[in-house]
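Data block below; observations after.
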There are 2 protein chains.
Amino acid sequence: MAAKRKTKPARMPRPKSPSQAELDPKIGALVQQIIARVADRWTMLILEALEEHGTVRFKELGRLVVGISQKMLTQTLRQMECDGLVKRTVHPVIPPHVDYALTKLGRGLGEAFCGVWKWAEKHYAEIERARAAFELARKRAPGNG
Amino acid sequence: MAAKRKTKPARMPRPKSPSQAELDPKIGALVQQIIARVADRWTMLILEALEEHGTVRFKELGRLVVGISQKMLTQTLRQMECDGLVKRTVHPVIPPHVDYALTKLGRGLGEAFCGVWKWAEKHYAEIERARAAFELARKRAPGNG
DNA sequence: CGGGATCCTTAAGGATACTG
DNA sequence: CAGTATCCTTAAGGATCCCG
């Protein structure tokens with residue numbers, strides 16, 4: 001993962017709908033994990049690269065996902081493989097040939113995030129305006145930065 | 001979000017639908033920002049606390065969001081305020097009285113993430129199974145840690 | 001070629017002390 | 001009470017080397 005630090009586990013938000021409220025808090029934890037995972041710098045990029053190109057070899061993937069180091073590529077792919085988002089296939093030849101592809105689950109996750117994407121697209125301008133307004137207010141205000 | 005580090009900006013994934021493809025990559029960057037933000041350890045928790053309790057004072061919010069330090073509370077709230085997700089209200093009295101509430105935008109964001117939540121809920125078991133299988137395979141495999 | 005092991009830098013985030 | 005400023009710890013992630 002990439003984004004921030006996770007030092008402690010921390011309590012998870014409870015689900016919103018009544019039906020979910022009955023279920024384990026494990027789901028909440030899982031959601032947080034998933035979100036955290038997707039929020040790292042690379043998972044989304046890799047997901048997208050695989051969506052666009054189908055089955056891709058390790059090094060090729062490294063070229064597709066522009067700034068990534070091989071360490072993070074390996075690490076993120078392992079993570080995704082572990083969660084069942086990608087399928088790793090080793091061809092026992094020399095030199096080694098390993099390729100990766102999204103699983104159904106992986107594609108599903110991509111689709112699930114489309115909602116957030118849509119929301120962001122729709123409210124894009126609002127957020128930019130809010131930021132501009134915030135900046136302006138900050139400059140006006142005394143005793144700050 | 002609580003998750004990892006963001007060192008460089010990094011190129012953003014392109015949108016999926018054709019209509020979006022025409023628009024600025026700024027939207028992609030914004031989406032990534034939003035996701036990254038929501039994935040930190042606190043934004044979601046604060047969002048949820050405010051959803052449940054409406055208008056809440058700073059210290060009360062600190063109690064609601066269990067493990068948070070006042071530094072991160074301030075910082076995350078500022079962030080959210082900047083993005084237009086929360087409204088900060090200062091009552092000029094002594095001792096100071098400041099309270100926070102979600103904006104329409106903030107509530108909308110919460111709703112947008114419901115899709116991911118639903119997905120996670122639905123595929124919860126699959127992921128757990130994938131992880132278990134992965135662990136098992138790892139133990140079986142030679143030459144690994 | 002794929003990727004594990006190691007070292008190193010950097011910054012996220014907690015703790016604490018101070019202020020209006 | 002609601003912050004701000006500072007210090008310190010920890011770990012995320014890049015770079016590099018090495019191996020099958």
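So that the names make sense, note that chain A is the first sequence line, chain B the second, and so on, each numbered from 1. Values in this document were obtained by computation on a predicted structure and should not be read as measured data.
Checking the phosphate oxygens (OP1, OP2) of C/dG3, no side-chain nitrogen or oxygen of A/Thr74 falls inside 4.0 Å. Here A/Arg41 reaches the OP1 or OP2 of D/dG14: one of its side-chain N or O atoms lies under 4.0 Å away. At the phosphate of D/dG3, OP1 or OP2 sits under 4.0 Å from a side-chain N or O atom of B/Arg78. Taking 4.0 angstrom as the limit, A/Arg88 places a side-chain polar atom (N or O) nearer than this to OP1 or OP2 of C/dG3. Taking 4.0 angstrom as the limit, A/Lys59 places a side-chain polar atom (N or O) nearer than this to OP1 or OP2 of C/dC1. Checking the phosphate oxygens (OP1, OP2) of C/dG2, a side-chain nitrogen or oxygen of A/Arg57 falls inside 4.0 Å.
Atom CD in A/Gln75 sits roughly 14 Å away from atom P in D/dA11 (whole-Å rounding). Whole-Å rounding puts the B/Lys71 NZ to C/dT19 P distance at 19 Å. Taking atom CH2 on A/Trp42 and atom C1' on D/dA12, their separation rounds to 12 Å, with Å as the unit. At whole-Å resolution of the value, CE in B/Met72 and C1' in C/dT16 are 16 Å apart. One interatomic measurement links the two molecules: CG of A/Asp99 to C1' of C/dG3, which rounds to 15 Å at whole-angstrom precision. Rounded to whole Å, atom P of D/dA2 lies 10 Å from atom NE2 of B/His91. Per the geometry, CD1 belonging to A/Ile94 stands 14 Å off P belonging to C/dC1, to the nearest Å. What separates CG of A/Asp40 from P of D/dA12 is a distance of 11 Å, to the nearest Å.
In this structure, the side chain of A/Asp40 engages the main chain of A/Trp42 through a donor-acceptor pair within 3.5 Å.
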Original post:
Do A/Phe113 and B/Phe113 pass the side-chain contact (heavy atoms from CB on, under 4.5 Å) test, and can you show the C-alpha distance, the side-chain angles, and the key distance before you say yes or no?
Top reply: CA-CA 8 Å; A/Phe113 263 91; B/Phe113 265 91; 4.0 Å; yes

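The side chain of A/Val98 lies closest to C/dG2, out of D/dG3, C/dG20, C/dG2. Which of C/dG3, C/dC7, C/dG2 sits closest to the side chain of A/Pro96 comes down to C/dG2.
The pair B/Arg131-B/Glu128 fails the salt-bridge criterion, with no side-chain N (NZ, NE, NH1 or NH2) lying under 4.0 Å from an Asp/Glu carboxylate O. Ion pairing between B/Arg63 and B/Glu60 holds under the 4.0 Å rule for side-chain N and carboxylate O. A/Arg129 has no carboxylate O lying under 4.0 Å from a charged side-chain N of A/Glu126, or vice versa, which leaves the two without a salt bridge.
Residue order along DNA chain D, read from the 5' end via each residue's closest nucleotide, puts B/Glu60 first among A/Ile68 and B/Glu60.
For A/Gln70 against D/dG14, no side-chain N or O and base N or O form a donor-acceptor pair under 3.5 Å.
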